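Bear in mind the structure is a predicted one, so any value in this text is a computation, not a measurement. Here is the naming used below: chain letters follow the sequence lines, and residue numbers restart at 1 for every chain.
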Amino acid sequence: MAYHRYDAVIVGAGGAGLMAAIQMAGKANIAVVSKLYPPRSHTGAAQGGISAALGNTEEDHWQWHMFDTVKGGDYLVDQDSAEVLAREAIDAVLELEHMGLPFNRTPDGRIDQRRFGGHSRNFGEGPVRRACYAADRTGHMIIQTLYQQGIKHNVNFFDEFHLLDILFTDDGECCGVIAYEIKTGELHTIHAKTVLIASGGYGRVYKITSNAIAGTGDGVALAYRRGIPLMDMEFYQFHPTGLYKLGILVSEAARGEGGIVVNGEGEAFAARYAPTMKDLAPRDMMSRFIYQEVKEGRGIDGKDYVLLDVSHLPPEVIDEKLPDVTDFARVYLGVEPKNEGIPIQPTAHYAMGGLPTNNNAQVILDPAGTVVPGFYSAGESACVSVHGANRLGTNSLVDLVVFGRRAGRHMLEEIQSRELAELPANPEETAAKEIADLLNRDKGERVADIRKAMQEVMMDKVSVVRNETGLLEAQKEIADLQEAYRHIAIQDKGKRYNTDLLEALELGCMLDCAETIVHGSLVREESRGAHYREDFEARDDANWLAHSMISRKDRGFEVQKKPVKITIFEPKERKY
Amino acid sequence: MEITLRIKRFNPEQDQKAHFEEYKVEVEPNDRVLDALNEVKWYQDGTLTYRRSCAHGICGSDAMRINGRNRLACKILMKDLGKRITLEPLMGFKVEKDLLVDMEKFFDAYKSVKPYLIADDAPAAGERRQSPEQRAAFDDTTKCILCAACTTACPITWTTDEFVGPAAIVNAHRFIFDSRDQGSATRLQILNNGSGVWRCRTIFNCTDACPRDIKVTEAIEQVKRALLYEQV
């Protein structure tokens, strides 16, 4: 057992965690804990861009960005939060540039901008160039730049430490975390005034996903186990253009630069569904269009995929603006995008739901917004909610920079005003028991079997299109898998780099995330954004213009509704 | 098709020295080496240890020696390898367990070149200006994912700890040739000695190993020229 004391501990070294760390570096005693080396974080896989109404290439206003965010989220977005996002995006992007981020440039040396799905001029009139980008590796440049700044500011990194538990006092104040040192197997109690969960999403609950293998929802699930409700878990985004069977992301920038999606008849079908935005309709819609085309037999050769075609674009646009994604097609599918379409299918991409927070990234406990002292979340692990029922492309990067920054700044204030809360007795008890159980059990269920079953049922029954029958089946299966999980056995019993053990722990977290996704989907009897119910096809504002907050109660779940904050834009039917 | 993975195993908790173990795995031609490794770990031997995360060549976790060459396990497909595939950890770094090596030395070298923008002239409003041509001057070296494939492919790093290694130079290059940066002189000074660029023997192993197709040797040569002729 090792003991550390800090003003702030940040769990997760992706964009949100590092942005928060940089705010606090030099001003407070902080630690950044990550199960990966920071530049391996999944922020680095983001491709297309980060939106901000800079207006560098054409007229744009943050109000337009805010509107697109609200409409894109099918009006489940809290509009005060969307205003923060759209306003502060401008300053945040400039701050990234000042930190050294190598954005692509316009001929006059400004940050270049391009089109992206759902981003429009003048409240929906047509596409606008809002996404600031660095080729198609914008996320890579963000993670590199922020890690570099972390080094510059001497941030204290705990690389390859795995989160095992989040600590609270009896009064419900957050007071630290328990982390497992992957290299040695030692438990570390990190006692802190404030804790930021910036541990990312949980796309690995699905079979086909763009997410890294590390995307297992650890921070979200561990908070849920400690009684923190999770918000809007039923809203899980499927990105329309994942490489067929692999799920590897092909950026929306491919369509922003002029690419089109075509069906087995060679038709650019998006225009039939979304006459104004066409292929730049938001992701939830594009994914459903693809689902519908495939269902009606218009997939390629009648199969379950369609083609993303960029072959008509000038070769230099492909080489200079889409080099990585076209390389993925070459490497993994043997397809030359300059000559032929790229086989694609929707891929599990982004969790709109997560730990409920206010605009200062403070985690809240109930629909009234009661703050959990000392406890924060930002980035994909959080639900502010700026993405509502469906996130717009580029807004994840905006979210983690804007709200990571807000988290860091507010934590600094709280560090000044709060005493260090006392740790509970035997803080490591739960974590130590979990590890010991896994190491001591010699015979039992196999992690890989349970994980595969979970990923398949989530893909089949809880993805782009859902219905009650399927969700009930999924609910039963996830419950059975949870039971099986209590009897797993692992082979590696060692202390050093026991990745067998880590995969088991991660599966436990994923199952918790999965059960909330399924239950949330079952309860929400409407269709909104990424949550589409065949048996309730309409959006139901009378009953469901509300966030869901789900908690585990003895033998079941409790779901509370939290009203959506509407400031400017009254809900309207969503057309593109 | 069935292939055989021949994997160099070493667990310091129980082994005196490294040894090879063989695993037969059923794979598709388009499967990645990482898929085959996962197949072994998940269904045959849970103790097999390696790093991985994004699984598509972006995060830099899974560099290893695949049939003797430094490659990312997630970026090499079965169809491009034979039916017997040898997997070994990167050379020159301490093996922690199986295919997983100690990266501390690598990150220390990276940090030693001050890999961050040094500039105190951020405008009060708006961005710093940089022309597309100025931006292009360092584009190639911005692609680095810190996987260590280049550094551990360099024979010089196999024999000495003194050389900073190609990856650190690549990341120094990324700033030295950035028109916004004011720290070039400091970085060039750091590299202007026997543990810096002058240790490079222009062997090109680094360039061959880079999974991001960075022209590593060229970047190192540009830094050398910057030192010799003040061409920045």
Side-chain angles (χ1 to χ4, degrees), chain A residues 36-37 39-42 44-45 54 93-94 97-100 102-112 134-135 137 139-141 144-145 148-149 151-152 159 183 212-214 245-246 248-249 324 327-328 331-334 446-448 451-452 490-492 494-500 503, chain B residues 11-14 30 32 38 41-43 45-61 75 77 79 96-98 100 103 107 110-111 114-119 122-123 125-132 134-135 138-139 142-146 171 174-175 178 180-181 213:
Chain A
L36 307 170
Y37 278 94
R40 319 279 187 231
S41 306
H42 199 55
L54 301 179
V93 163
L94 293 174
E97 195 283 330
H98 295 169
M99 288 178 186
F103 285 108
N104 278 43
R105 299 287 173 155
T106 62
D108 65 344
R110 293 184 168 276
I111 295 170
D112 198 12
R137 44 178 175 269
H140 166 76
M141 293 321 328
Q144 294 286 327
T145 301
Q148 291 156 2
Q149 290 294 309
I151 292 169
K152 182 178 180 181
D159 295 332
K183 179 174 177 163
I213 299 173
K245 289 189 175 170
L246 289 163
I248 295 169
L249 183 65
D324 282 8
D327 196 43
F328 296 153
V331 170
Y332 296 108
L333 297 180
R446 187 153 62 187
V447 167
R451 185 171 53 212
K452 185 161 182 264
I490 57 173
Q491 289 175 290
D492 194 335
K495 284 186 171 301
R496 276 179 86 79
Y497 291 99
N498 189 338
T499 52
D500 205 21
E503 290 197 14
Chain B
N11 180 357
E13 278 184 298
Q14 45 185 255
N30 274 346
R32 298 159 276 202
N38 285 339
K41 182 171 183 65
W42 296 345
Y43 299 103
D45 186 347
T47 67
L48 178 64
T49 302
Y50 47 94
R51 291 191 181 96
R52 80 288 177 276
S53 189
C54 80
H56 66 288
I58 293 299
C59 80
S61 294
K75 221 179 164 181
L77 307 189
K79 64 182 179 190
E96 294 282 5
K97 190 175 172 187
D98 298 339
L100 189 151
M103 296 292 287
F107 278 101
Y110 168 70
K111 290 169 190 169
K114 301 187 184 290
Y116 40 80
L117 191 78
I118 297 174
E127 64 268 57
R128 285 191 193 82
R129 299 296 182 98
Q130 182 171 57
S131 72
Q134 288 172 322
R135 168 67 178 77
F138 64 101
D139 184 65
T142 65
K143 297 189 300 193
C144 176
I145 56 175
L146 299 171
N171 282 280
R174 177 254 171 272
F175 289 101
D178 186 334
R180 301 169 296 174
D181 187 74
D213 297 328

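Residue contact with chain A, scored on non-hydrogen atoms closer than 4.5 Å, involves the side chain of Asn38(B) exclusively. Only the side chain of Asn11(B) comes within contact range of chain A, with heavy atoms under 4.5 Å apart. Looking at His98(A), both its backbone and its side chain come within 4.5 Å of chain B, counting heavy atoms on both sides. For Arg180(B), the part sitting under 4.5 Å from any heavy atom of chain A is the side chain, from C-beta outward, and nothing else. Residue Lys114(B) does not touch chain A at all, counting heavy-atom pairs closer than 4.5 Å. Both the backbone and the side chain of Ile145(B) come within contact range of chain A, with heavy atoms under 4.5 Å apart. Of the two parts of Phe107(B), only the side chain, counted from C-beta on, holds a non-hydrogen atom closer than 4.5 Å to a non-hydrogen atom of chain A.
Ring to ring, Phe328(A) and His56(B) are close: their centroids are under 6.0 angstrom apart.
Taking Met141(A), Gln144(A), Glu503(A) one by one and counting their heavy-atom pairs under 4.5 Å with chain B, the maximum is reached by Glu503(A). Of the residues considered (Ile490(A), Asp108(A), Asp112(A)), Asp108(A) shows the highest number of contacts with chain B, using heavy-atom pairs under 4.5 Å.
A donor-acceptor pair is defined here as one N or O able to donate and one able to accept, closer than 3.5 Å; such a pair exists between the side chain of Lys97(B) and the backbone of Arg496(A). A side-chain donor-acceptor contact under 3.5 Å links Arg40(A) to the backbone of Cys59(B). In this structure, the side chain of Gln491(A) engages the main chain of Gly46(B) through a donor-acceptor pair within 3.5 Å.
Contact check for Ser53(B) versus His42(A): no side-chain heavy atoms found under the 4.5 Å cut-off.
Between Thr499(A) and Lys41(B), the side chains place a donor N or O and an acceptor N or O closer than 3.5 Å (distance only, hydrogens not considered).
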